[in-house]
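See below for the structure under consideration.
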Protein chains: 2
Amino acid sequence: MVTMQDVAERAGVTKQTVSNVVTGRVAVRPATEARVRAAIAELGYVPNLVARSLATGSTRTVGLFVPTVSAPFYADVVEEVEDALEERGYHLLLCTTRLDGERARRHLAGLTSRSVDALLIAGDQGLTGHLPLLADVRFPVVLCAWEAPLPEGFPVVTVDYEHGGHLAGRHLRELGHERVAVLASPAHTVRVEGFRRAFREDGITVPDGAVHLAAAPTFRGGLDAALTALRTDPSVTALFATHDVLAAAAMEAARALDRSVPEDLSVVAHDDTPEGLLSRSALTGVVLPKREMSRQAVDLALQAITTPLRPTPGPRLLLPRLTPGTSTARPGPRHGER
Amino acid sequence: MVTMQDVAERAGVTKQTVSNVVTGRVAVRPATEARVRAAIAELGYVPNLVARSLATGSTRTVGLFVPTVSAPFYADVVEEVEDALEERGYHLLLCTTRLDGERARRHLAGLTSRSVDALLIAGDQGLTGHLPLLADVRFPVVLCAWEAPLPEGFPVVTVDYEHGGHLAGRHLRELGHERVAVLASPAHTVRVEGFRRAFREDGITVPDGAVHLAAAPTFRGGLDAALTALRTDPSVTALFATHDVLAAAAMEAARALDRSVPEDLSVVAHDDTPEGLLSRSALTGVVLPKREMSRQAVDLALQAITTPLRPTPGPRLLLPRLTPGTSTARPGPRHGER
DNA sequence: CTGAAAGCGCTTACAG
DNA sequence: CTGAAAGCGCTTACAG
């Protein structure tokens with residue numbers, strides 16, 4: 001391996017001068033710089049980043065925990081975070097936790113001490129019990145996309161999920177729906193609360209029995225829950241799905257039960273991926289500011305690397321928006337006939 | 001920061017002994033080890049991985065390039081690779097290239113010299129022109145999921161895409177389809193060739209005009225191509241989609257044109273994600289051995305770190321399988337009536 | 001603007 | 001089984 005020392009000898013300078021040329025931190029006389037650059041090119045010198053990291057104390061790498069990359073929402077978050085990091089000259093170390101706290105714990109242990117400059121944790125699922133571990137960690141931690149109760153002591157950039165649920169509920173109320181069902185992941189209690197609040201404000205109760213939890217956050221799990229929901233109460237005129245995968249399942253369930261969307265059934269979703277790669281182009285959905293959230297989280301983390309954030313800033317709540325699609329309409333004539 | 005030296009002083013030994021305890025490389029007398037472990041616990045010592053990397057020459061991190069994590073196929077590959085790496089005590093540095101060779105080049109430059117022990121490149125899209133750059137790289141590179149012509153000098157673990165296309169074609173032929181169209185990504189020429197070969201073997205030509213390229217590998221791009229395909233030749237009884245996102249688009253197009261699947265139109269896909277998170281639970285598809293491919297690629301890469309693979313092993317071709325679903329059937333009565 | 005020195009925190013032979 | 005020494009390849013003040 002070619003080292004700085006080799007370059008220095010070739011150029012007839014000391015390695016400190018080579019370092020000055022490479023890092024650009026200190027000005028170097030043009031003639032010297034040219035000699036050094038020529039030597040670098042001739043020898044094919046490439047700086048050893050690990051040695052630099054040891055000397056500077058920075059790896060220029062940030063860790064990201066997400067539950068999975070197979071859910072469109074998190075796939076987008078990963079790419080947004082990667083973009084933001086790349087622009088700032090950082091690498092991305094990815095860990096998927098698969099809703100498994102023990103797995104997250106192992107990953108965290110592997111990241112101990114100085115292998116990343118900071119850690120971003122997107123999504124609270126399966127992690128809340130393991131938060132105390134984060135206190136021992138040597139680098140700043142920023143939480144995002146956090147729906148569980150917000151822990152103290154960590155910077156958080158997240159979405160107002162209650163508001164998101166409320167937007168979905170109000171949309172259905174404005175269309176005139178009264179009897180609705182909810183398809184939810186167990187972790188999405190806050191969105192469900194917001195949704196029910198919208199109905200409550202109009203004097204309508206969405207009963208507990210109308211909330212159907214998907215056993216697993218998969219298409220299959222969602223499909224079963226959706227079929228159950230529509231069979232339990234065939235008179236519902238609309239379905240609220242708390243995330244994108246469940247929404248796809250809801251569409252499929254409607255098809256299976258021969259209810260056309262939106263004529264026979266409205267479907268509104270949370271976490272829609274409107275320009276994504278999936279088949280939900282026309283879904284009415286609450287879209288989350290993924291890009292904004294990712295960038296703010298990255299900025300906060302990089303800032304915390306150089307300047308400890310004392311005191312910890314309060315949580316930043318970004319507002320979701322409702323994007324109208326063609327999956328919702330006024331309740332159809334079938335409403336109440338069954 | 002607590003160092004090995006601090007622990008050594010506390011335990012009344014030298015730091016080499018602490019190192020021996022931590023790495024377990026050299027046996028240490030039980031009594032000494034107990035003292036060292038106690039000191040580690042008391043001081044909350046955590047080894048500095050960067051320093052270790054500099055001393056050992058290994059970062060225990062492997063880079064992975066994928067075009068995107070938003071396509072189900074690559075999302076699965078990322079998680080499989082991550083699992084294989086984690087089992088072997090390695091971290092995953094992720095770079096998404098977004099079909100952008102320039103972006104890949106930048107990422108590659110950032111990985112120079114010793115920041116990863118090895119690099120896995122999954123998916124050839126947008127990269128073939130940049131392969132020469134890989135020759136300069138300081139760590140082993142393994143290619144996988146490679147459909148473009150195989151470059152010399154790199155270990156490759158990929159799928160027999162021609163065979164995959166042939167499987168899809170033969171399936172449709174066995175059902176009796178004669179007039180078909182293909183929905184393809186520009187990069188998927190090999191699968192298309194295999195598909196056409198299946199028809200050619202039966203004396204049927206799939207004309208060039210029946211192959212519709214999606215402008216972009218997105219749902220929207222696929223939908224446009226699918227609508228064009230079905231409008232250009234309404235008499236086709238089956239559609240072959242060369243990857244999962246296009247298949248989802250084909251289903252949507254069928255729906256939009258009021259052709260029910262499989263009665264009015266069969267759809268067979270390549271790269272299906274049967275147990276994935278998407279709405280294609282019942283699609284007939286050619287499934288790729290993602291898990292097997294990912295593990296073999298990881299094994300090859302880790303092996304190459306310690307023992308240079310000389311000469312470079314020949315490409316490993318894994319065989320895809322056709323999984324029957326409910327999206328294909330014999331051509332319906334509509335066939336030829338238009 | 002350039003050079004000599006110390007140091008980042010670990011591991012690795014090598015003696016004892 | 002334990003200790004003294006050298007080294008991994010860089011950066012960072014600090015003199016000159």
Side-chain angles (χ1 to χ4, degrees), chain A residues 1-37 39-40 43-61 89 111-117 138-139 305-306, chain B residues 1-37 39-40 43-61 89 110 112-117 138-139 305-306:
Chain A
M1 143 168 258
V2 179
T3 73
M4 225 167 217
Q5 184 61 45
D6 300 330
V7 174
E9 285 167 13
R10 177 89 165 211
V13 297
T14 61
K15 64 179 201 279
Q16 294 74 358
T17 302
V18 179
S19 174
N20 289 338
V21 170
V22 171
T23 61
R25 258 177 39 91
V26 174
V28 173
R29 200 193 316 164
T32 312
E33 168 160 1
R35 282 216 314 287
V36 169
R37 294 217 178 277
I40 287 175
L43 297 172
Y45 168 72
V46 177
N48 181 322
L49 266 32
V50 174
R52 179 181 292 174
S53 290
L54 182 59
T56 61
S58 159
T59 59
R60 298 200 77 81
T61 298
L111 254 45
T112 50
S113 190
R114 316 275 67 227
S115 46
V116 294
D117 289 351
R138 258 66 174 181
F139 36 75
I305 292 170
T306 50
Chain B
M1 146 168 258
V2 179
T3 73
M4 226 168 217
Q5 184 61 47
D6 300 329
V7 174
E9 284 167 14
R10 177 88 164 213
V13 296
T14 63
K15 67 178 198 282
Q16 293 75 354
T17 302
V18 177
S19 175
N20 290 338
V21 169
V22 170
T23 62
R25 257 177 40 89
V26 174
V28 171
R29 202 193 314 165
T32 311
E33 169 161 358
R35 281 216 315 286
V36 170
R37 293 217 178 277
I40 287 175
L43 297 173
Y45 167 72
V46 178
N48 180 322
L49 265 31
V50 174
R52 179 180 291 175
S53 290
L54 182 59
T56 62
S58 159
T59 59
R60 298 201 77 82
T61 299
T112 51
S113 192
R114 317 274 67 226
S115 47
V116 294
D117 289 350
R138 259 63 175 182
F139 36 75
I305 293 171
T306 50

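Values reported hereafter were calculated over all heavy atoms of this structure, with side chains retained and with hydrogens, waters and symmetry mates removed. Treat the numbers as computed from the prediction; the structure is a model and nothing was measured.
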For the pair made of CG in A:D6 and C1' in D:dC10, what is the distance, rounded to whole Å? 13 Å
A:V36 versus A:V13: any side-chain heavy-atom pair under 4.5 Å? yes
Going by side-chain contact (heavy atoms from CB on, under 4.5 Å), A:E33 matches just one of A:T17, A:V28, A:N20. Which one? A:V28
Rounded to the nearest Å, what distance is computed from the CG atom of residue B:L54 to the P atom of nucleotide D:dG9? 7 Å
When you measure from the side chain of B:S53 to the backbone N and O of B:L49, does any donor-acceptor pair fall under 3.5 Å? yes
Choose from C:dC1, C:dC10, D:dT11 the nucleotide whose nearest atom is closest to any side-chain atom of A:R29. C:dC1
Under 4.0 Å between a side-chain N/O of B:S19 and OP1 or OP2 of C:dC10, yes or no? no
Measure CE/A:M4 against C1'/D:dG9 and give the value in whole Å, please. 8 Å
Just how far, in rounded Å, is C1' of D:dC10 from CG of A:L49? 10 Å
Minimum-distance pair of heavy atoms, taken over all atoms of B:L54 and A:L54: CD2-CD2, 3.4 Å
Return the value, rounded to whole Å, for the distance between atom CG of A:L43 and atom P of D:dG9. 14 Å
Side-chain contact test, heavy atoms from C-beta onward, threshold under 4.5 Å: evaluate it for B:T61 versus A:T61 and give yes or no. no
Does anything in residues 20-28 of chain A reach DNA chain C, meaning a heavy atom under 4.0 Å, and if so which residues? A:V26, A:A27, A:V28
Separation of D:dG3 C1' from B:Q5 CD (nearest whole Å): 12 Å
Under-4.0 Å side-chain N/O to phosphate OP1/OP2 contact, A:T56 with D:dT11: no
Out of curiosity, A:T14 OG1 to A:M4 CE, how far, rounded to the nearest 0.5 Å? 10.5 Å
Once you round to the nearest 0.5 Å, how far does CZ of B:R60 lie from CD1 of B:I305? 8.0 Å
Considering only heavy side-chain atoms of A:T32, the closest of D:dC10, C:dC1, C:dC10 is C:dC1
side-chain contact (heavy atoms from CB on, under 4.5 Å) with B:P47: of B:V2, B:T23, B:V22, only one passes, and it is B:V22
Could you give me the stems involving DNA chain D, meaning stretches of three or more consecutive Watson-Crick or G-U wobble pairs whose two defining distances are both below 3.5 Å? C:1-3 with D:14-16, C:5-12 with D:5-12, C:14-16 with D:1-3
Calculate, to the nearest 0.5 Å, the distance between atoms CZ and CZ belonging to B:R35 and B:R10 respectively. 13.0 Å
dist A:S19:OG -> A:R52:CZ (nearest 0.5 Å) comes out at 7.5 Å
Check the distance between C:dC8's P and B:R52's CZ and give it to me in whole angstrom. 18 Å
Between B:Q5 and B:T3, is any side-chain donor less than 3.5 angstrom from a side-chain acceptor? no
Is there a residue in residues 9-18 of chain A whose heavy atoms reach under 4.0 Å of DNA chain C, and which residues are they? A:V13, A:T14, A:Q16, A:T17
